[in-house]
Amino acid sequence: MKLLRIILVMLLVLMLVVAGGVTFLLFGVDPNTYKPELEKLARQNDLELKIDGDLSWSFFPNLAVQAGSSSLTATKEDTGIPDIKFREASLILDWRALLTRTVRLQAITLDGADIRTKTAAEAANVAALPGAAAATSDTKTGDLPFELAIDEISLTDSRITVTSPDAPDRIFEQLNFTSTKLNLDGKPFAINLNFITTLPDQPTLQVALQSFVAVEASPQKLTLSDARLSVKGLDKLPLTLKFNADYEGDTDSLSVTDITGKLGSASISGAVNGAGLQTAPALQGELSLQNLVLAELPIEEPPEGFKKVDIATTFAVSEKAVALSNLKLALDEFNATGNMTMQLQGTRQLSMKIEGDHLALPATSETESTEQQAALFTPLLAPLALLEGGKGEVELSLASLTADNIRVDNLRLKLLANGKVVQVSELSGGIFGGTFKTTARADLGRATPTVSFTQNVAAIDLHNALVTLAEQGDIHGKLTMNFTGNSTGDNSDALLD
């Protein structure tokens with residue numbers, strides 16, 4: 001594999017360091033005299049190696065060669081090798097093999113490593129290092145055969161920086177990684193990883209991952225079993241997950257199954273399948289989030305009067321489209337179902353349909369009521385902002401909606417968008433013993449924007465309406481009326497005047 005060859009070039013330099021130490025043991029030569037040869041070898045492999053610290057030999061607790069402060073940099077672009085600095089490296093050898101005059105490298109420990117990747121290929125090589133290190137390779141240095149069969153690799157107090165020309169650097173620091181019994185034979189071995197990182201405009205996150213990993217070189221396959229992930233740092237929303245995962249290199253496909261965990265007070269479950277991860281990523285699966293306490297969400301003003309939300313859906317996401325199906329939403333006692341699809345290629349197209357039962361908004365002041373209603377319905381209309389001049393259709397049906405003691409039965413909203421034309425083709429329901437139906441159309445694409453609307457009300461109980469709205473009931477009777485209106489203006493204020 002090309003990836004394996006790239007990483008073995010990096011490890012070849014470490015082999016020579018070990019050979020220098022073994023030569024000191026067997027022949028009494030100071031390993032530091034090998035520094036010029038090591039640096040020359042690195043240059044021959046398009047690498048710039050600087051060993052500022054000393055090379056030394058230790059016998060306890062393990063037979064090891066130690067290298068002080070050093071750095072390794074690729075001298076050519078597109079090599080896939082990141083810039084590496086480390087405070088200290090310890091290379092542990094097999095005693096028994098050494099007695100047969102064979103140098104067998106068993107373990108590598110890098111302390112204070114600072115790894116900086118500039119391309120996706122370099123980042124992938126860093127991620128694949130444990131698997132590459134598990135490969136067995138034989139070479140020869142001078143009179144000493146060298147066998148590379150690394151059983152353990154460890155990073156302590158290290159940092160990885162992922163750079164991108166179009167985004168801020170992503171920094172993973174205080175990174176510690178250990179892996180034992182490495183192999184490429186499909187036998188599980190343990191890994192333990194923890195680090196801290198910071199997302200834009202977010203607090204520092206503490207991330208930890210423990211898992212058993214199985215790697216097969218041919219066919220290329222990576223399996224994570226009994227994986228446990230935890231993320232701390234989000235106020236009131238610590239994340240813990242358990243899952244299993246399989247990646248097939250030949251088909252570039254991923255399967256994450258048996259996902260269970262907690263997000264704050266909420267329970268998470270689901271599964272995800274992915275394809276074309278390195279070319280045209282496409283994901284599909286199912287997700288369930290139950291008993292999410294609204295007060296735990298990192299938002300300034302969560303909807304008042306509501307305590308928790310449950311969400312479950314199947315989904316499909318790709319560069320071409322986003323789809324949510326079999327959507328189930330529960331907001332306290334309110335329940336809704338629906339579907340949504342959005343085509344992303346070419347002219348964007350949105351289709352959304354939501355059906356719910358009885359939604360009762362908590363009683364608040366007039367100002368708070370308006371703000372709360374806007375906050376609740378914003379997620380419904382938000383996808384329209386993503387159309388970028390495309391076409392959209394949104395349908396909402398509720399068995400009833402109650403706000404400030406006003407109840408609307410059989411509420412139906414149908415909203416259409418086509419470029420800069422937005423149309424409410426229907427807003428209807430039953431209220432105060434009668435019915436209402438409204439339509440509206442706004443054309444914002446004209447030189448002078450226009451708005452037109454119609455309003456039809458039938459059999460409205462005036463006494464009931466006045467008692468509810470104005471706290472007076474002197475008028476009795478039924479109200480039926482129809483009217484239309486038009487408005488033009490250069491801006492929204494002019495349209496509404």
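Nothing here was measured: the structure is a model prediction, and the numbers come from that model. Numbers here are sequence positions counted from 1.
Proximity of a side-chain donor or acceptor of N194 to a complementary backbone N or O of V207 within less than 3.5 Å is not detected. Between the side chain of N339 and the backbone N or O of N326 there is at least one donor-acceptor pair closer than 3.5 Å. Of the possible donor and acceptor atoms, one in the side chain of S158 sits under 3.5 Å from a partner among the backbone N and O of T156. With hydrogens and angles disregarded, no donor-acceptor distance shorter than 3.5 Å links the side chain of S211 to the backbone of R228. Between the side chain of D443 and the backbone N or O of P449 there is no donor-acceptor pair closer than 3.5 Å. Of the possible donor and acceptor atoms, one in the side chain of R348 sits under 3.5 Å from a partner among the backbone N and O of L386. Panel note: side chain D461, backbone H463; a donor-acceptor pair is recorded below 3.5 Å. In this structure, the side chain of N410 does not engage the main chain of G429 through any donor-acceptor pair within 3.5 Å. At distances below 3.5 Å, not a single donor-acceptor pair connects side-chain atoms of S255 with backbone N or O atoms of A245. Side-chain atoms of T435 never come within 3.5 Å of backbone atoms of G430 as a donor-acceptor pair (strictly under, hydrogens ignored).
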Would you please test L327 and I311 for side chain to side chain contact (heavy atoms under 4.5 Å, CB included) and show each step?
-> CA-CA 7 Å; L327 175 64; I311 302 173; 4.2 Å; yes
Determine, step by step, whether N482 and T454 satisfy the side chain to side chain contact (heavy atoms under 4.5 Å, CB included) criterion, reporting the C-alpha distance in whole Å, the side-chain angles of both residues, the deciding distance to 0.1 Å, and the verdict.
-> CA-CA 8 Å; N482 302 308; T454 65; over 6 Å; no
Check against side chain to side chain contact (heavy atoms under 4.5 Å, CB included), V322 and L344 | CA-CA 8 Å; V322 176; L344 301 177; 4.0 Å; yes
L224 and V256: side chain to side chain contact (heavy atoms under 4.5 Å, CB included), yes or no, with the steps?
-> CA-CA 9 Å; L224 273 66; V256 183; over 6 Å; no
Stepwise salt bridge (charged side-chain N to carboxylate O under 4.0 Å, His left out) test for D114 and R116 = CA-CA 7 Å; D114 189 349; R116 190 175 186 87; over 6 Å; no
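Within the 4.5 Å cutoff, side-chain heavy atoms of L401 are placed close to those of L361. Side-chain contact between L411 and L427 is present, with heavy atoms from C-beta onward closer than 4.5 Å. When side chains are defined from C-beta on, D111 counts as touching D157, because their heavy atoms get closer than 4.5 Å. Side-chain contact between V309 and L294: present, with at least one pair of heavy atoms (C-beta onward) separated by less than 4.5 Å. When side chains are defined from C-beta on, Y247 counts as touching L277, because their heavy atoms get closer than 4.5 Å. No side-chain heavy atom of L479 sits less than 4.5 Å from a side-chain heavy atom of F432.
Put simply, CD1 on I115 and CG on L155 are 5.5 Å apart, with the number rounded to the nearest 0.5 Å. Note: L175 CG to L193 CG = 5.5 Å, rounded to the nearest 0.5 Å. In this structure, E173 CD and T198 OG1 are separated by 7.0 Å, a value rounded to the nearest 0.5 Å. Distance CD/E248 to CG/L222: 10.0 Å, rounded to 0.5 Å. Atoms CG and CG, from L416 and L350 in turn, are 11.0 Å apart once rounded to the nearest 0.5 Å. Here the straight-line distance linking atom CD of Q349 with atom CD of E393 works out to 10.5 Å at 0.5 Å rounding.
Nearest heavy-atom pair, I460 versus I431, reported as atom, atom and distance to 0.1 Å: CD1-O, 3.3 Å. Between T313 and S325 the shortest heavy-atom distance is OG1-O, 3.1 Å. A266 approaches L292 most closely through the heavy-atom pair CB-CA, 3.7 Å. Residues Q278 and D252 share a closest heavy-atom pair of N-OD2, 2.8 Å. Across all their heavy atoms, F189 and T180 have their closest contact at CB-O, 3.0 Å. Nearest heavy atom pair, residue N244 against residue A227, reads OD1-N, 4.5 Å.
Defined by atom type and a distance below 3.5 Å, a donor-acceptor pair is present between the side-chain atoms of D246 and T223. Side-chain polar atoms of D169 and T163 form no donor-acceptor pair below 3.5 angstrom. Side-chain atoms of T438 and Q455 form a donor-acceptor pair, as typed in the model, at a separation below 3.5 Å. Checked by atom type, the side-chain pair T341/S351 shows no donor-acceptor distance below 3.5 Å. If you check the side chains of S425 and Q423, you find no donor sitting under 3.5 Å from an acceptor.
Heavy-atom neighbours of Q210 CD from other residues, nucleotides or ligands within 6.0 Å: above the threshold of 12. For K262, the NZ atom sits in a packed shell: over 12 heavy atoms of surrounding residues, nucleotides or ligands are nearer than 6.0 Å. Counting non-hydrogen atoms of other residues, nucleotides and ligands closer than 6.0 Å to NZ of K478 gives a total above 12. Crowding of N405 atom CG: a count of heavy atoms from other residues, nucleotides or ligands under 6.0 Å not exceeding 12. The environment of CZ in F212 is sparse: at most 12 heavy-atom neighbours from other residues, nucleotides or ligands sit within 6.0 Å.
The pair D83-K85 fails the salt-bridge criterion, with no side-chain N (NZ, NE, NH1 or NH2) lying under 4.0 Å from an Asp/Glu carboxylate O.
Listed by chain and number, the residues in a salt bridge (charged side-chain N to carboxylate O under 4.0 Å, His left out) with D258 amount to none (sequence neighbours excluded).
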Anything under 3.5 Å between a donor and an acceptor, one on a side chain of residues 329-336, the other on a protein residue two or more places apart or in another chain? List them.
unit_1: D332; atom_1: OD1; unit_2: K307; atom_2: N; d: 3.2
unit_1: D332; atom_1: OD1; unit_2: K308; atom_2: N; d: 3.0
unit_1: D332; atom_1: OD2; unit_2: K307; atom_2: N; d: 3.1
unit_1: N335; atom_1: ND2; unit_2: E333; atom_2: O; d: 3.2

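Ring-plane geometry between F483 and F453 is classed as perpendicular, the angle between the planes exceeding 60 degrees on a 0 to 90 degree scale with a lower cut at 30.
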